[in-house]
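Structure, as structure tokens:
Note on naming: letters A, B, ... go to the chains in the order of the sequence lines (proteins, then strands), and numbering restarts at 1 for each one. Below, all heavy atoms of this structure are taken into account, side chains as well, without hydrogens, waters or symmetry copies.
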Amino acid sequence: MELRLYDTLSREKRTFVPLDANNVRMYVCGPTVYDFAHIGNARPVIVFDVLFRLLRHLYGEAHVKYVRNITDVDDKINDRAARDFPGLPLNEAIRKVTEQTGKQFHADVDALGALRPSVEPRATEHIGEMREIIERLVAGGFAYVAEDHVLFSPQAMNAANSTLPRYGALSKRSLDEMIAGARVDVAPYKRDATDFVLWKPSKPGEPSWPSPAGIAAPGRPGWHVECSAMAWKHLGEYFDIHGGGIDLVFPHHENEVAQTCCAFHQERMANYWMHNGFLQVEGEKMSKSLGNFVTIHELLADWPGEVLRLNMLKTHYHSPIDWTMKSLEESARTLDDWYRAAADVEPGKPAASVLEPLLDDLNTPLAIAALHGLRGSDVNGLAASLRLLGFLSESAAQWEGRKQQASGVDAKDVERLISERTAARARKDFKESDRIRDELAAMGVTIKDSKDGTTWEIAR
RNA sequence: GGCCACGUGGCGGAGUGGUUACGCGCCGGUCUGCAAAACCGUUUACUCGGGUUCGAGUCCCGACGUGGCCUCCA
């Protein structure tokens, strides 16, 4: 069985061959910790968690290294800190914001059934690596100092006439197009409009570190170099898979490639570039101004994390997804059924019918179709396959109990009403038994009569 | 304006040249005092217009629609 992955750089599905099968390496861009993560942020977390699990299944748990960074130095964090903790010194306020938000992020993604990555590096703990990359780039003639900034020059990279990749290869843009399409005013200290920042001076009170490249004033890193540095530290100069949202292809990933390849004289940074598609909410772009900004935290108040997870995986990771209530309800019903059927059975082996679509560029919708097939034929295989995909973390009773708890229904009341109804039915007082059934329905309780008696559950 | 994706039945959503996707819903059946739940069965599609081909949802061209990105940062 071989794994095939779609690679954004070559624009084709290719057989995955690890550089070292004993150490399969994947990097995914993680959150900037300044606010609650929204449901769009959950998509890469879930998609690459499935890939992580699949790689562990194929190569062994000890042989896969997954790195997802936490960006904890950023203007948005500074703004947030100043707003939320106006009485505190900025650096202290920033620490509060990043600690609080990072903690919340972990709570959210744990609930989504995502395994913790092997390493979760923080940008602020890798300033030394960033400085080193910047020094190398300046020494190599790929970057220059201007007004206490360090800027990377894509023009210099493309003029280097070596084995380096062409700047723009990943996002399929030429430098000419970028210049023509630029809508933003170009800072005066840039030599070319396409140059981007590696290091910039900090404003008074902002987080700052000693600057590289002989700059006297303290400064802080640009965003792109953070990921190059963290990937380098934990995965090396060249590794297997780099993932993230499709919005990151340009400029973020294009710039990462440029920095890493020029700093280490590599032809490539990662062998496979994977990007998940965007997410809309109820047919509209998610934005704070439209008022449809949905956080993972809010959704988790109404739905188990696994429902969000299933709902996300119903669509192929590369396609756009429209996040709707209706779809969530459907996902919840499906999981209810799977929990009843498979949560308490002895897991067998993950079914080939599920693995094969996953191996074909993570075709989770087709894998889910196969799960429906197993539901009727092989519940042990269903149980194992669902676990492989990160489901069934609870027992059937816990799953049902969670619904009861959320509904606020007292099981004792329900049991009492059911026995009253059973008595009414026994004396053929159907008017009374139907009244009780209606009363239970109004409480959100569904009655299930069978030859062995009456059971009940919370309706979705 | 430039570059790049996507457009399948009531809904979600696979499928890249010739066979049933699958799930939800609807409808029908079994069961039931009647229902519900459960189980069984049925139904509907490929944005539009050209082209290639014996044959296209699947390849090519164009149009329309939706979305992403366009460099100090999601």
Side-chain angles (χ1 to χ4, degrees), chain A residues 8 11 13 29-32 34 38 40-41 44 71 73-76 149 151-152 154 167-168 171-187 190 192-200 220-227 244-255 258 275 277-280 283-285 310-311 313-316 318-322 324 326-331 333-334 337 340 357 360 363-373 375-376 424-425 428-431 433-434 437-438 440-441 445-451 454-457 459:
Chain A
T8 306
R11 300 272 159 135
K13 228 189 265 184
C29 293
T32 299
Y34 70 99
H38 59 67
N41 300 135
T71 296
V73 47
D74 182 273
D75 283 335
K76 284 199 160 71
H149 293 68
L151 292 141
F152 185 93
Y167 185 84
S171 58
K172 301 281 180 284
R173 292 155 200 257
S174 71
L175 283 175
D176 288 346
E177 282 164 15
M178 292 176 211
I179 295 163
R183 291 181 311 193
V184 178
D185 289 341
V186 179
K190 286 188 180 181
D192 290 297
T194 50
D195 298 348
F196 62 89
V197 165
L198 298 172
W199 191 267
K200 56 187 165 185
R220 59 197 174 112
W223 171 41
H224 311 302
V225 79
E226 296 175 10
C227 281
I246 197 160
D247 56 321
L248 298 181
V249 175
F250 189 86
H252 185 54
H253 291 166
E254 193 71 62
N255 291 352
H275 293 97
F278 244 61
L279 180 146
Q280 287 179 265
E284 284 186 309
K285 182 178 173 174
L310 177 62
N311 203 53
L313 296 176
K314 284 201 298 193
T315 304
H316 185 89
H318 210 257
S319 303
I321 181 170
D322 188 17
T324 65
K326 188 170 181 260
S327 183
L328 275 171
E329 282 160 11
E330 196 181 304
S331 299
R333 267 197 299 273
T334 302
D337 181 55
R340 275 195 297 270
D360 183 15
N363 192 338
T364 52
L366 195 55
I368 289 167
L371 293 173
H372 289 300
R375 168 67 174 85
R425 291 177 71 207
K428 301 222 190 297
D429 184 354
F430 297 122
K431 197 177 167 190
S433 70
D434 288 354
R437 188 168 68 198
D438 290 345
L440 286 164
V445 173
T446 300
I447 295 293
K448 298 195 277 191
D449 292 333
S450 77
K451 288 191 169 56
T454 301
T455 58
W456 62 283
E457 66 177 30

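If you take OG1 on A/Thr364 and NE2 on A/His316, they are separated by 7.0 Å, rounding to the nearest 0.5 Å.
Of all nucleotides listed (B/A74, B/C24, B/G33), B/C24 comes nearest to the side chain of A/Arg333. Looking at the side chain of A/Pro251, the nearest of the listed nucleotides B/U71, B/A74, B/C24 is B/U71.
Between A/Ile246 and A/Thr8, the closest side-chain pair of non-hydrogen atoms is not below 4.5 Å. Counting only heavy atoms from C-beta outward, the side chains of A/Cys29 and A/Pro44 never approach each other to under 4.5 Å. The closest side-chain heavy-atom distance from A/Arg220 to A/Asp75 is below 4.5 Å. The shortest side-chain heavy-atom distance between A/Ser450 and A/Thr455 does not fall under the 4.5 Å cut-off. Counting heavy atoms from C-beta outward, A/Arg425 and A/Asp449 have side chains that approach closer than 4.5 Å. Side-chain contact check for A/Leu151 versus A/Val197: some heavy-atom pair is nearer than 4.5 Å. Using a 4.5 Å heavy-atom cutoff, the side chains of A/Lys13 and A/Asp360 are in contact.
B/U58 and B/G2: their C1' atoms are spaced 30 Å apart (whole Å). B/C48 and B/G57 have their C1' atoms separated by 14 Å, with the value rounded to a whole Å. Look at the P atom in both B/C34 and B/G29: the space between them is 13 Å, to the nearest Å. The separation of B/A45 from B/G13, taken at their C1' atoms, amounts to 12 Å, rounded to a whole angstrom. Rounded to a whole angstrom, the distance from the P atom of B/U42 to that of B/U20 is 13 Å. Rounded to whole Å, the separation between the C1' atoms of B/G65 and B/U43 comes to 29 Å. One P atom belongs to B/U44, the other to B/G51, and the distance between them is 29 Å to the nearest Å. Atom name C1', nucleotides B/C46 and B/G9: the rounded distance is 8 Å, in whole Å.
Here the rule is side chain to side chain contact (heavy atoms under 4.5 Å, CB included) with A/Phe152, and of A/Asn255, A/Thr194, A/Asp195, A/Leu198 only A/Leu198 fits it.
Protein atom CZ of A/Arg220 is 9 Å distant from nucleotide atom C1' of B/C72, rounded to whole Å. Residue A/Asp360 contributes atom CG, which lies 7 Å from atom P of B/G15 at whole-angstrom precision. Rounded to whole Å, the distance from CD on A/Glu254 to C1' on B/C73 is 15 Å. In this structure, CD of A/Gln280 is placed 7 Å from P of B/G68, rounded to the nearest angstrom. Atom CG in A/Asp247 sits roughly 10 Å away from atom P in B/A74 (whole-Å rounding). The CG-C1' distance, from A/Leu313 to B/G23, rounds to 15 Å in whole Å. With rounding to whole Å, A/Asp429 atom CG is found 12 Å from B/G33 atom C1'. Rounding to whole angstrom units, CG of residue A/Asp195 and P of B/U71 are separated by 14 Å.
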Worked check of side-chain contact (heavy atoms from CB on, under 4.5 Å) between A/Asp247 and A/Phe278: CA-CA 8 Å; A/Asp247 56 321; A/Phe278 244 61; 3.4 Å; yes

CA sep, side-chain torsions, deciding dist, call: A/Lys76, A/Thr32, side chain to side chain donor-acceptor pair (under 3.5 Å): CA-CA 8 Å; A/Lys76 284 199 160 71; A/Thr32 299; over 6 Å; no

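At the heavy-atom level, A/Phe278 lies under 4.0 Å from the strands shown only through sugar-phosphate atoms. Within 4.0 Å of A/Lys428, counting heavy atoms only, lies no atom of the nucleic acid at all.
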Structure string for RNA chain B in dot-bracket form, Watson-Crick and G-U at under 3.5 Å, | interchain: (((((((..(((.....[...)))..((((.......)))).....(((((..]....))))))))))))....

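With RNA chain B read from its 5' end, the first of the two nearest nucleotides for A/Asn255 and A/Thr334 is the one closest to A/Thr334.
Using cut-offs of 30° and 60° on the angle between ring planes, the pair A/His224 and A/Phe196 is perpendicular.
At least one donor-acceptor pair closer than 3.5 Å links the side chain of A/His38 to the backbone N or O of A/Gly40.
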Nucleic acid footprint by protein, nucleotides 34-45 of chain B - heavy-atom cut-off 4.0 Å, B for base, S for sugar-phosphate alone: BBBSSS------

Under-3.5 Å N/O pairs linking protein and nucleotides 5-14 of chain B:
from, atom 1, to, atom 2, distance (Å)
B/A5, OP1, A/Arg11, NH1, 3.3
B/C11, O2', A/Lys326, NZ, 3.3
B/G13, OP1, A/Thr315, OG1, 3.1
B/A14, OP1, A/His316, N, 2.8
B/A14, O3', A/Asn363, ND2, 3.0

